[in-house]
There are 2 protein chains.
Amino acid sequence: MKIALTASPPRRSPRGRGGAEARIVRSIGEAIADRRLPPGTKLAEESLAQVFSVSRERVRKVLLLLAQRQVVTLIPNRGAFVAKPTAQEAREVFEARRVIERAVMDKICALPRPLPPAMLARLNDHRAQEEAAERAGDRKALIRLSGQFHLLLAEFAGNGTLATILASLIDRSGLAIAAFERRTAHTCSAEDHRRLIDALAGTGDHTHGAGCGCADAVTLMMTHLDAVEAQLDLDATPDTAVDLKSIFAEDG
Amino acid sequence: MKIALTASPPRRSPRGRGGAEARIVRSIGEAIADRRLPPGTKLAEESLAQVFSVSRERVRKVLLLLAQRQVVTLIPNRGAFVAKPTAQEAREVFEARRVIERAVMDKICALPRPLPPAMLARLNDHRAQEEAAERAGDRKALIRLSGQFHLLLAEFAGNGTLATILASLIDRSGLAIAAFERRTAHTCSAEDHRRLIDALAGTGDHTHGAGCGCADAVTLMMTHLDAVEAQLDLDATPDTAVDLKSIFAEDG
DNA sequence: GGAGGCAATTTTGTGCACAATCATGCCAAC
DNA sequence: GTTGGCATGATTGTGCACAAAATTGCCTCC
């Protein structure tokens with residue numbers, strides 16, 4: 001009894017044991033994000049295979065994935081390198097972020113007020129995490145949290161496609177920051193995030209009145225992104241060498 | 001004399017013979033774009049390998065690439081299928097396009113006037129191509145040209161990163177159209193493109209005065225995207241079966 | 001002393017073969 | 001007649017082995 005001559009509708013992946021690859025992708029991605037793997041670093045297949053205790057083909061697949069996200073560069077017969085954005089590319093990435101994050105903020109502002117408690121809770125929780133990392137001087141955690149914050153807002157905006165695009169842009173802007181940040185200390189913008197959360201939650205200096213600070217929030221986000229980009233020195237060309245084994249000591 | 005302990009700066013890929021993969025990606029991508037491969041179609045590795053006269057691993061690599069672009073769906077132990085967006089996903093993709101293409105139009109409007117002759121020439125050339133395809137009733141060419149038009153504008157905007165993102169969104173919106181378009185004929189929007197070109201080139205009904213129709217162009221683009229999305233029936237769930245061999249007869 | 005070329009080693013690329021998993025058709029039982 | 005399980009065939013997943021290419025070190029020559 002053949003009912004369906006048609007193509008079978010794909011069902012969702014049950015995330016069987018493909019988790020191993022996802023783990024490696026995440027591990028390398030995070031290492032790149034928090035500067036343990038600076039731009040230009042060579043990612044040798046065999047080394048990574050040993051570090052993560054997987055076959056070389058698996059590493060190869062992961063590198064292909066990361067190359068699609070433009071976080072590593074694949075050069076034929078030469079191998080994989082942590083991507084090193086050009087100054088132009090860096091500017092493009094930040095402009096793209098402004099475009100998308102403005103839309104994200106607009107969508108959040110269009111949300112019915114007051115915001116759902118779950119949202120406010122997650123915002124406050126995030127604020128607490130950032131403040132804790134700031135007090136502890138945990139720079140790596142701060143970088144990771146900063147990315148997560150922007151992604152959190154994109155999630156609230158309710159467009160998963162935009163959120164995915166933004167995630168990729170955040171990765172790449174992290175790369176740009178790693179490649180072009182000035183030697184001088186920079187404030188890491190935790191204060192900016194605080195103000196943004198205040199504007200969104202309405203707990204800021206709008207002490208009375210129904211003002212939710214929506215327009216403020218959009219402006220704050222744009223100013224925030226401008227500030228981050230302004231902290232870059234789009235002329236430098238840094239590069240360093242690292243030891244893969246020591247960097248991935250805790251993973252594997 | 002060891003000068004550089006640092007990682008070697010990656011140079012650009014010379015596009016050696018990786019062109020074979022690019023060819024297959026393009027071939028499959030186009031087949032999906034102009035509906036020869038409807039959403040849900042199974043893409044068997046062995047069949048594709050025979051069709052393109054390459055090894056199965058090559059096909060596997062290509063499928064992984066297309067999966068990253070969300071144009072095919074990979075299901076473990078089941079194979080690859082042409083992606084079939086959900087209604088929600090379709091709406092998200094169109095919203096993302098509105099966000100990005102509004103920015104693109106804004107950037108084009110900020111360009112110094114008059115536009116460079118090369119730009120105008122390409123716009124007019126494209127208009128001619130669309131009109132020719134329209135007269136010939138070549139639906140497939142029209143679909144391809146429509147995508148190229150939006151990409152052309154993104155290129156003019158001068159942000160390659162945004163253009164790349166938009167290219168992916170255009171592919172996906174083509175998929176959404178294939179999955180959800182109403183059975184009734186639709187006008188294919190060549191007229192919209194014409195009006196857009198007029199507004200940009202200043203050859204429209206602003207017969208005199210310096211008005212370049214910039215604000216008009218932005219509005220036209222938004223209206224255009226709304227119209228395309230409005231032509232979809234975000235409830236249907238079509239699926240068909242096709243013969244891979246016959247579809248790729250001219251490629252290979 | 002430095003530059004250029006050559007050989008050895010390391011690293012990447014690719015195809016093949018086998019293992020694992022899933023779809024299909026068949027048979028038996030209810 | 002329908003449902004359930006089972007065996008068979010087909011398809012995908014994975015590791016391995018070999019081929020190709022590049023980097024490195026070394027030697028020779030200028």
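These numbers were taken from a predicted model, which means no experiment stands behind them. Chain letters run A, B, ... following the sequence lines, proteins first and then strands; every chain starts at 1.
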| Sugar-phosphate only, base, or nothing, as touched by B:Glu45 at under 4.0 Å among non-hydrogen atoms | sugar-phosphate
| Length of the line joining A:Ile75:CD1 and D:dA21:C1', which is rounded to integer Å | 14 Å
| With respect to the side chain of B:Arg58, which nucleotide from D:dT11, D:dG13, C:dT14 is positioned closest? | C:dT14
| task | Considering just the side-chain nitrogens and oxygens of A:Arg78, establish if one lies under 4.0 Å of OP1 or OP2 belonging to D:dT23. | result | yes
| said: Expressed as a whole number of angstroms, how long is the span from B:Lys61:NZ to D:dT14:P? | reply: 17 Å
| query | For the pair made of CD in A:Glu57 and C1' in C:dG13, what is the distance, rounded to whole Å? | reply | 10 Å
| message | Between B:Lys42 and B:Arg78 (side chain of the first, backbone of the second, donor and acceptor by atom type, cut-off under 3.5 Å), is there such a pair? | response | yes
| Parallel, tilted or perpendicular: rings of A:His193 and A:His126 (30°, 60°) | tilted
| remark: From the candidates D:dT11, D:dT14, D:dC16, the one with an atom nearest any side-chain atom of A:Glu21 is D:dT14
| said: Any side-chain to backbone donor/acceptor pair from A:Glu92 onto B:Thr161? Under 3.5 Å, distance only. | reply: yes
| query | C:dT12 C1' sits how many Å from A:Leu74 CG, rounded? | reply | 10 Å
| Rounded distance in Å - CD (B:Glu46) to C1' (C:dC16) | 12 Å
| CG of B:Asn77 versus P of D:dT11: gap in Å, rounded? | 14 Å
| message | OP1 or OP2 of C:dG15 versus the side-chain N and O atoms of B:Arg56: is any pair under 4.0 Å? | response | no
| N/O donor-acceptor pair under 3.5 Å between B:Arg35 side chain and B:Ala33 backbone | yes
| Between C:dG13 (P) and B:Arg60 (CZ): distance, integer Å | 18 Å
| message | With a 3.5 Å distance limit and no angle check, can you tell me whether B:Ser173 reaches the backbone of B:Ile170 through a side-chain donor-acceptor pair? | response | yes
| task | Return the value, rounded to whole Å, for the distance between atom CD of A:Gln50 and atom P of C:dT10. | result | 13 Å
| query | Does a nitrogen or oxygen in the side chain of A:Lys42 sit under 4.0 Å from OP1 or OP2 of C:dT12? | reply | yes
| query | Between A:Ser55 and D:dG15, is there a side-chain N or O to OP1/OP2 distance below 4.0 Å? | reply | yes
